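A short write-up of the structure that comes next.
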Amino acid sequence: MKDLWKVKAKQNGGIYLRFSKGVDKELRAVILNFVKWVRQTYRFPVKVVAYIKASRFIVNGQTKEQVVASIFLPFDKEVSPYIRMATGDYEELIEEIDLFSAKCANLASLAHEITHYYQWIKDLPLDETQADRVARKKVYEYIDYCDGIL
């Protein structure tokens, strides 16, 4: 099966992070390291910015639902998309599951939205099942890359 995240691109618009105040410092470092790996491994033909929030939820602009993460994908590929992700439940996740799984859950949320980015780049339908599956795969690849130490 082809890697959905692999694209041929003449230019690399890149992926960028913006953290709001209050994001857990350890989680921030984990996300930064994941995105460094993503930048080294994959190309982003159109610039995308991920806004990482300290809140428990964000409001999806289209559906007005409270969600953990969302992506804005414009009709025009000359306009930059953006990701928004909430991390405010990180401490609760650590208590509910464990530290490693809480980190992985947050990385999977970001990877899910990045998968939607690549679906958009390739003019594919936004498929939630595929986004979940690919996100898990990318997190596992990253865990292998860093020998299981997040």
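These numbers come from a predicted model, not from an experiment.
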K25 atom NZ, neighbour heavy-atom count above 12 within 6.0 Å: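 No, the 6.0 Å shell around NZ holds no more than 12 heavy atoms from other groups.
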Do [X] and [Y] come within less than 4.5 Å of each other through their side chains, counting heavy atoms only?
X: W120; Y: P74; answer: yes
X: Y51; Y: M85; answer: no
X: F19; Y: L32; answer: yes
X: Y117; Y: I83; answer: no
X: N33; Y: K36; answer: yes
X: V38; Y: L110; answer: no
X: I52; Y: L27; answer: no
X: V49; Y: S80; answer: no

Smallest separation among heavy atoms of [X] and [Y], with atom names:
X: L17; Y: I31; value: CD1-CG2, 4.0 Å
X: K122; Y: L4; value: NZ-O, 2.9 Å
X: A135; Y: T115; value: N-OG1, 4.1 Å
X: V68; Y: S109; value: CG1-OG, 4.0 Å
X: G13; Y: Y16; value: O-CE1, 3.1 Å
X: N106; Y: L93; value: ND2-CD1, 4.0 Å

Run through E128, K138, R136 and flag the one making a side chain to side chain donor-acceptor pair (under 3.5 Å) with H112.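 In the set E128, K138, R136, the residue that makes a side chain to side chain donor-acceptor pair (under 3.5 Å) with H112 is E128.
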Give a yes or no on whether [X] and [Y] share a hydrophobic cluster (residues Ile, Leu, Val, Met, Phe, Trp, Tyr; joining criterion: side-chain heavy atoms under 4.5 Å apart).
X: V7; Y: I114; result: yes
X: Y140; Y: I97; result: no
X: L107; Y: L99; result: yes
X: L126; Y: W5; result: yes
X: Y118; Y: L124; result: yes

Strictly distance-based, threshold 3.5 Å: is any side-chain N or O of [X] a donor or acceptor partner for the main-chain N or O of [Y]?
X: S55; Y: A86; result: no
X: D89; Y: E92; result: no
X: R39; Y: G14; result: no

Separation between [atom1] of [X] and [atom2] of [Y], rounded to the nearest 0.5 Å:
X: W37; Y: Y145; atom1: CH2; atom2: OH; result: 9.0 Å
X: E65; Y: N60; atom1: CD; atom2: CG; result: 6.5 Å
X: I121; Y: F44; atom1: CD1; atom2: CZ; result: 9.5 Å
X: K103; Y: E26; atom1: NZ; atom2: CD; result: 4.0 Å

Does a salt bridge link K77 with D123, judged by any charged N lying under 4.0 Å from a carboxylate O?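 A salt bridge links K77 with D123.
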Would R18 and Y82 count as a side-chain contact (heavy atoms from CB on, under 4.5 Å) here? Give the steps. CA-CA 11 Å; R18 300 286 181 268; Y82 61 85; over 6 Å; no
Please step through side-chain contact (heavy atoms from CB on, under 4.5 Å) for the pair I143 and F100, ending with a clear verdict. CA-CA 10 Å; I143 291 167; F100 180 79; 3.7 Å; yes
Step by step, would you call Y142 with T41 a side-chain contact (heavy atoms from CB on, under 4.5 Å)? CA-CA 10 Å; Y142 177 65; T41 311; over 6 Å; no
Using distance alone, with no hydrogens and no angle criterion, decide if H116 and Q119 have a side-chain donor and acceptor under 3.5 Å apart.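 Q119 and H116 do have a side-chain donor-acceptor pair below 3.5 Å.
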Starting from the C-alpha separation in whole Å, work towards a yes-or-no answer on side-chain contact (heavy atoms from CB on, under 4.5 Å) for I58 and S70. CA-CA 8 Å; I58 56 169; S70 70; 3.5 Å; yes
